[in-house]
Amino acid sequence: MKSTWDTRIRRATELSSAYPFAAEGLRFYAQIAMLQQQLYSQIEAAPAQFFSLDGSSWNALNPSALPPKFSNFVRNLGKIAPAALAQRTDELLRKDSAFWLRLLDQYWHSAATTADEPDGSTRGAAEQHLAWLFLQPFAEFLAARHEQIQSDGNARRCPFCGGAPIVGVLRPEGDGAKKSLICTLCAHEWAFRRIYCPACGEERESHMGFYSASEIPHMRVDVCETCHTYMKSVDLTKMGLAVPVVDELAALPLDLWARQNGYHKLHINIVGA
Ligand SMILES: [Zn+2]
Ligand SMILES: [Zn+2]
């Protein structure tokens, strides 16, 4: 059986030929996902090294086991990263394990922060970004083992870990579609109301809009006129093979349109767009 990581890597490779305007980011993503996949295999092989045995609660992570794995991950990422981010990985590798431990522990317990600045633009943003990429496999491992969480459609942050949503999903239901959101950190997907801003809670239809681009018709961008935030959604009724977090990376024309029109992104994606 193919793992989630294989599915994402394969989709990124497919999309990089279909959408040349996003090929660079998609190829970089595929390499990041391979590093995350290796990390995930290590977690699966020896979960007790990273988690206390009391189960799958968010606090089960044992942060003291992380620094050696983190430095290794950051070193490998530095070898494949664009120059600006590679410089930040070098800087981070010069810090000590106490610094890495604090960074990871804080990130884990404050859940994914909202930021709309390309990774590497400031040192703090780059450190948060690297912590995020490294912690994703740990968060996904836990979320996959956690019991089902019911959502009433009103949660604007992940009901499991408190992370921000990274992409919306429209799944076929009857003659229409139902909406859900996917978490930046643990990849948990939860039901979400169709007309509702995940950033500020706006729910008036007149204050919410969307836009799509002919280059990539199964993606759309939802915007809020109250807080000027945007987030993309993938419409699985139009493209059943899409892998939401990966297709999000391909829809660069929508980021361009949204930013040119004064909207800021709810949360940057893995490659910093
Ligand atoms: Zn989550
Ligand atoms: Zn809003």
Side-chain angles (χ1 to χ4, degrees), residues 4-5 8 33 36 39-40 43 50-51 55-61 63 104-116 128-129 131-169 179-211 220-234 243-246 248 254-255 257-259 261-270:
T4 315
W5 304 97
R8 292 171 185 160
Q36 292 179 317
L39 189 56
Y40 197 86
I43 302 166
F50 306 104
F51 299 102
S56 57
S57 83
W58 196 244
N59 290 321
L61 184 71
L104 296 169
D105 197 44
Q106 278 171 0
Y107 193 92
W108 187 260
H109 288 108
S110 65
T113 47
T114 52
D116 183 16
Q128 296 286 313
H129 196 89
W132 174 34
L133 301 187
F134 172 76
L135 289 171
Q136 269 186 329
F138 294 91
E140 288 195 28
F141 180 85
L142 267 191
R145 270 144 200 83
H146 198 268
E147 68 216 41
Q148 200 68 33
I149 305 165
Q150 291 303 322
S151 174
D152 60 5
N154 288 308
R156 282 152 47 195
R157 311 268 309 186
C158 173
F160 179 54
C161 77
I166 194 148
V167 63
V169 185
K179 186 169 183 176
S180 48
L181 302 179
I182 293 179
C183 175
T184 39
L185 185 54
C186 77
H188 174 64
E189 182 175 336
W190 72 98
F192 197 69
R193 283 154 54 190
R194 285 293 290 272
I195 310 291
Y196 191 39
C197 172
C200 75
E202 179 58 75
E203 52 189 354
R204 289 169 293 179
E205 196 162 358
S206 57
H207 288 60
M208 305 288 295
F210 71 92
Y211 173 83
R220 57 184 259 174
V221 57
D222 292 284
V223 300
C224 172
E225 300 302 344
T226 302
C227 69
H228 299 283
T229 297
Y230 81 91
M231 189 176 64
K232 287 181 270 181
S233 292
V234 51
V243 177
V245 291
V246 184
E248 198 278 342
L254 298 181
D255 290 289
W257 175 87
R259 289 188 171 121
N261 284 276
Y263 302 102
H264 59 93
K265 200 171 191 177
L266 180 69
H267 196 290
I268 55 163
N269 64 29
I270 289 174

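Numbers here simply count residues along the sequence, with the first being 1. Start at 1 and go down the list; that is how both ligands and their atoms are numbered.
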- Message: Under 2.8 Å from the Zn ion (ligand 1), can any N, O or S atom of C161 be found?
- Response: yes

- Nearest heavy-atom approach of H129 to I270 is NE2-O, 2.7 Å

- Minimum-distance pair of heavy atoms, taken over all atoms of C186 and F160: SG-CD2, 3.8 Å

- Message: Out of the candidates D222, D255, L266, only one should pair with Y230 under the side chain to side chain contact (heavy atoms under 4.5 Å, CB included) rule; please name it.
- Response: D255

- Task: To the nearest 10 degrees, could you say what angle the Zn ion (ligand 2) makes with SG of C200 and SG of C224?
- Result: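 Taking the Zn ion (ligand 2) as the apex, I get 110° for this pair.
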
- May I ask you to check whether F141 and F50 place their ring centres under 6.0 Å from each other? no

- Message: Tell me the angle that SG of C186 and SG of C158 form around the Zn ion (ligand 1), rounded to 10°.
- Response: 100°

- Query: Is the distance from the Zn ion (ligand 2) to some N, O or S atom of C227 under 2.8 Å?
  - Reply: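 Checking the Zn ion (ligand 2) against C227, an N, O or S atom does fall under 2.8 Å.
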
